[in-house]
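Shown next, in structure tokens, is the structure this report addresses.
Computed from a predicted model, the values in this text were never measured in an experiment.
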Amino acid sequence: MSTEHVSGSYIISGNKNTMITGGIQPEVGAGTKLLLKYWVKGAVYNSRPRNSSELDECFPGTRVELIEMMTIWTTSTIQGPKHHLLWMEGPAGGGKSTIAFSLAKAAASQGTLGASFFFSSEIVQATNFFTMVAYQLSRKISSYRDSLEKIVLEDPTLLSDAGLEAQFDNLIVNPLLTLYAEQPKDQKPGITWNVVIVDGLDLCSDTDARTIIRVIAKSVSVYGSRLPLLWAIFSRSTPNIRRIFDDFSLSHFCWQFELSNATSSEIRTYLKGVLNISQNPDWPSASDLDLLVELADGYFTYAVLIARFIRNRESLSPERQLEELMSFCSYSRWERCHSLMHKGGLPDHPLTRLDEYYRNIMNLIPRDTLPIIQQVLLLHHELSHRLEPITKDLINVPPPARLLASFVGLTLPELEGALAKLYSVLALREPEHIQRDLDDKWGSATIVFCHRSFLEFLLDRERSRGFCIRQQDQWLTLAVRNVSLLVRMYALNGSPRDKKIRDLGDLFSAKPVARRIIFRDELYQHLHERLLNWCAYSGFANTQIVQKLDKNMLQELEMEVNHELLVKFPQEARHHIRSTSHINYIPSLSLKGQFDLIAPYIEHHISSHFRKTLKKQEFQSTERSDLLRNYARSWKAYQSIINLLSLKNKFLEQVALQVWQTSFYEVMQAEPSLRLTKATLGVIERRREGDMLNTHRPSLFIRSLARMNPTGQLGSAPVSVANSLSIFDRGFRRPYINATREFYARESAALLSREHSLLTYLEHVKERLLEERACIAAFDLSNSHEDDLNFMQACTDTLLKDHCQKIYDEFERLLVKNGSKKDFQLILSLTPEIPGSLETLLEIFGTHVKSAMLGSISESTSGEGAAPDFIPALLAVRQGYIEIAESVLEDESRFCQVVDRVLEETVVERNLPREQELSMPDGL
């Protein structure tokens with residue numbers, strides 16, 4: 001269970017979501033619970049995961065007048081403020097987020113904070129923006145909460161499917177207007193204003209930012225004080241944001257002002273306060289502070305970075321850090337004078353001083369390490385941005401350290417050491433949510449920049465000069481190294497799985513201890529999508545790149561490259577890559593005319609074309625790999641026709657699918673031999689053996705089965721789900737499940753027949769289950785959630801369920817032999833895969849505890865004399881097993897309950913005298 005602090009309240013995340021405001025727990029209705037499903041963690045002002053270099057709020061004595069002015073604006077009463085919308089614009093590093101945080105804190109303390117939403121580098125999606133605002137307002141306004149409950153329960157799709165404008169109107173505007181209309185006229189003057197604070201709006205997409213500003217501006221303009229909301233928006237003055245405010249002519253009801261730089265006295269106050277860490281009261285000196293204030297040049301972010309550099313815990317001392325900084329400052333001053341004399345003045349750039357500071361930081365990196373650091377940061381930027389597979393939106397997912405280290409040839413400790421000189425501007429941070437298994441945590445840390453302006457500096461060649469990370473030399477080094485890595489990974493195909501795993505351990509610089517196949521596939525996925533692009537960016541200054549691009553590897557892996565970059569490849573390499581491109585075997589169609597005339601035309605024209613195509617030489621091969629490749633390429637091209645017809649008429653789509661099935665699929669599949677099915681299962685089996693393969697062809701084949709009409713009948717009605725699954729059953733589902741059982745039956749029999757312990761077998765099974773799930777996802781095997789479960793069940797039943805008794809016997813043996821925590825946790829980690837297995841283990845555990853307790857009673861009664869008091873012996877046994885449950889067994893609560901239940905049963909069975917019962921623990 002985790003707790004997140006929210007605007008003077010607490011949201012407790014566990015089995016139930018509860019919010020406690022001001023010590024009073026309001027009723028949480030079903031509608032509220034629905035809203036909580038769309039909660040964005042870290043978006044509320046005082047729940048954000050802040051970097052240690054950032055100011056949560058303005059430092060005491062700084063920005064005082066500004067905060068006071070805005071706080072007065074939020075506390076306007078009766079008639080309300082002149083402006084209902086505030087927009088603070090300013091450059092990166094000016095302190096907008098800190099001011100927004102301070103305003104939110106001040107408003108919360110005065111009871112005027114309605115809601116807050118802070119975009120960040122981790123929070124760039126605005127999908128749940130208005131649902132978050134609505135939820136927070138409902139915690140503040142009880143009557144609004146009741147209305148919102150009804151609205152959400154009546155139409156839950158407002159939370160999941162509605163756009164931003166529809167959410168704003170239905171969740172916020174309409175219920176508030178209704179409450180205003182229902183309020184008695186004599187009470188309407190006493191309006192309590194609620195301020196909604198939005199920071200970093202420029203970080204979300206241009207479309208979403210425009211929509212948010214437009215609907216807010218419209219509500220303020222049209223409804224005025226009928227909506228008791230004030231909006232405070234903080235953002236960079238990007239062209240898009242500026243254009244939005246200009247387009248809507250907001251000047252008459254929007255308070256706009258540009259954030260000015262902090263004063264020298266404010267910067268001095270901050271630096272003097274945070275650098276008060278030395279035993280020497282005169283450090284830093286007044287002259288040092290003067291220079292630091294000059295360097296900050298009114299930018300609080302710069303001042304924060306300076307302070308963090310000086311206070312760097314990795315350094316020898318703050319005094320030494322200050323000396324290093326001063327030496328660089330002296331050089332920078334000389335450089336500025338030289339520029340003024342010989343270039344006629346410095347360029348007028350608002351971040352010139354900040355750039356100088358960043359260059360000073362980069363200068364601290366040793367010359368032999370700098371290229372590696374540049375490659376790491378370039379890869380971080382390159383791998384962070386990728387297209388979401390379904391929506392095709394550009395998403396930001398920072399790559400884990402294990403990928404960065406492997407692509408540049410470093411171990412994880414080497415990567416951490418290389419980045420140590422940059423810890424004043426970035427950090428390696430573990431993700432907040434990882435599974436219990438330590439293997440999940442391996443190399444999962446990601447680079448987090450203290451401020452995004454540092455990465456912007458590194459990407460801008462004019463600003464960063466020689467430190468720019470987008471340089472051909474960096475691409476060349478990455479291309480040469482990773483072409484070699486890909487070739488060496490591919491060369492392991494065909495070798496036994498055990499040998500492959502051992503060799504991969506030697507191949508990877510990051511040195512994964514386990515899950516090497518999964519890690520190899522993670523590397524391959526990125527290289528498959530990007531490596532040829534890196535080669536093109538490199539300019540092919542090194543001929544090794546072309547020499548190592550093996551034709552067979554390119555054909556089997558079907559490496560992808562941007563079409564515009566293909567022309568940059570040398571002729572011999574271009575031919576190999578072009579031979580793997582998707583060949584269009586599909587004819588063009590004329591879709592003009594009436595539908596009843598187009599359908600026969602489509603059927604005749606495409607059927608004739610397919611007959612000619614299947615006679616081509618490349619389609620005569622009976623090799624499974626050739627069959628599957630040609631089928632997948634043809635289906636990919638044919639999908640464009642099907643999609644086009646689907647937009648025009650569902651009947652025409654059905655005609656095209658029927659033609660494909662009868663004229664192409666059935667010919668290549670050649671039922672009942674199922675040639676394509678066997679080819680697909682062959683690829684999947686090779687993947688299970690650990691080969692590195694492209695999953696694209698099998699995925700296209702499986703998707704085609706799910707889409708085809710298997711009935712052989714044409715009609716205007718859509719194909720039913722039941723019918724559409726029949727060809728999927730015949731062509732893939734059933735053969736796949738059978739092949740899975742056969743494969744893992746052979747493997748489990750082979751492993752258990754060797755001189756392996758059951759625990760070694762279970763370690764193998766645990767890794768196998770992870771690989772199987774990855775295989776199902778990579779090949780896009782399932783047609784439904786039910787398929788996911790059935791496909792995995794075929795694996796788990798064969799590897800685990802068929803060997804349950806051996807697992808139970810091993811658990812009992814561990815109890816007798818006092819097995820290690822690792823061994824117990826291995827067995828318990830697999831219990832979710834076997835229904836009912838945990839209950840069986842609890843029974844075994846209870847039987848073992850009972851035996852131990854009876855043994856202690858027997859020992860207590862073996863002597864002569866007075867009636868024994870065996871309660872202390874029972875309690876000692878109880879305590880021992882409670883400690884085992886809490887320290888060794890994962891689900892300790894249930895095992896602890898078993899211990900107490902067995903103790904109670906034993907006491908009852910032994911007819912414990914009343915005077916002895918009094919010495920039992922509380923609750924028994």
Subject >> Option passing salt bridge (charged side-chain N to carboxylate O under 4.0 Å, His left out) with Asp521 (candidates Arg516, Arg687, Arg773) >> reply: Arg687
**OP:** Can you spot which of Arg686, Arg520, Arg497 makes a salt bridge (charged side-chain N to carboxylate O under 4.0 Å, His left out) with Asp691?
**Re:** Arg686
Testing the basics here: between [X] and [Y], what is the closest heavy-atom pair and its distance to 0.1 Å?
{"X": "Leu874", "Y": "Thr906", "answer": "CD2-CG2, 4.2 Å"}
{"X": "Met489", "Y": "Leu507", "answer": "CG-CD2, 3.5 Å"}
{"X": "Lys806", "Y": "Leu758", "answer": "O-CD2, 3.1 Å"}
{"X": "Thr446", "Y": "Pro400", "answer": "CG2-CA, 4.0 Å"}
{"X": "Trp442", "Y": "Ala510", "answer": "CZ2-O, 3.3 Å"}
{"X": "Leu769", "Y": "Cys795", "answer": "CD2-SG, 3.7 Å"}

**OP:** Classify the side-chain pair Thr740/Arg688 by whether it contains a donor and acceptor separated by less than 3.5 Å.
**Re:** yes
Original post:
Does the ring of Tyr744 carry Arg768 above it, NZ/CZ under 6.0 angstrom from centre and within 45° of its axis?
Top reply: no
Is any side-chain heavy atom of [X] less than 4.5 Å from a side-chain heavy atom of [Y]?
{"X": "Tyr761", "Y": "Leu799", "value": "yes"}
{"X": "Glu886", "Y": "Cys896", "value": "yes"}
{"X": "Leu523", "Y": "Phe508", "value": "yes"}
{"X": "Val765", "Y": "Leu800", "value": "yes"}
{"X": "Lys499", "Y": "Asp503", "value": "yes"}
{"X": "His848", "Y": "Val816", "value": "yes"}
{"X": "Leu492", "Y": "Met692", "value": "no"}
{"X": "Leu383", "Y": "Val397", "value": "no"}

Original post:
Once the angle between the rings of Tyr45 and Phe118 is folded into 0 to 90°, is it parallel (under 30°), tilted (30 to 60°) or perpendicular (over 60°)?
Top reply: tilted
**OP:** Could you tell me how the ring of Phe895 sits relative to the ring of Phe845: parallel (under 30°), tilted (30 to 60°) or perpendicular (over 60°)?
**Re:** perpendicular
Distance in Å, [X] [atom1] paired with [Y] [atom2], rounded so as to fall on 0.5 Å steps:
{"X": "Glu812", "Y": "Leu841", "atom1": "CD", "atom2": "CG", "value": "10.5 Å"}
{"X": "Ile447", "Y": "Arg429", "atom1": "CD1", "atom2": "CZ", "value": "12.5 Å"}
{"X": "Lys801", "Y": "Thr796", "atom1": "NZ", "atom2": "OG1", "value": "8.0 Å"}
{"X": "Leu419", "Y": "Glu414", "atom1": "CG", "atom2": "CD", "value": "12.0 Å"}
{"X": "Glu522", "Y": "Arg515", "atom1": "CD", "atom2": "CZ", "value": "11.5 Å"}
{"X": "Thr840", "Y": "Phe811", "atom1": "OG1", "atom2": "CZ", "value": "10.5 Å"}

Under 3.5 Å, side chain of [X] to main-chain N/O of [Y], donor-acceptor pair present?
{"X": "Gln136", "Y": "Met132", "answer": "yes"}
{"X": "Tyr881", "Y": "Gly846", "answer": "no"}
{"X": "Ser837", "Y": "Thr831", "answer": "yes"}
{"X": "Glu149", "Y": "Thr32", "answer": "yes"}
{"X": "Ser699", "Y": "Phe779", "answer": "yes"}
{"X": "Ser509", "Y": "Ala405", "answer": "yes"}
{"X": "Ser406", "Y": "Leu403", "answer": "no"}
{"X": "Ser851", "Y": "Thr847", "answer": "no"}

Subject >> Ionic contact status for Arg901 with Glu905, cut-off 4.0 Å >> reply: yes
Subject >> Salt-bridge criterion met for Glu839 and Arg894 (N-O under 4.0 Å) >> reply: yes
Original post:
Partners of Tyr38 by ring pair (Phe, Tyr, Trp, His ring centres under 6.0 Å), sequence neighbours excluded?
Top reply: none
**OP:** Just do the side-chain contact (heavy atoms from CB on, under 4.5 Å) check on Glu685 and Glu742 with the steps written out, would you?
**Re:** CA-CA 11 Å; Glu685 181 164 340; Glu742 292 172 5; over 6 Å; no
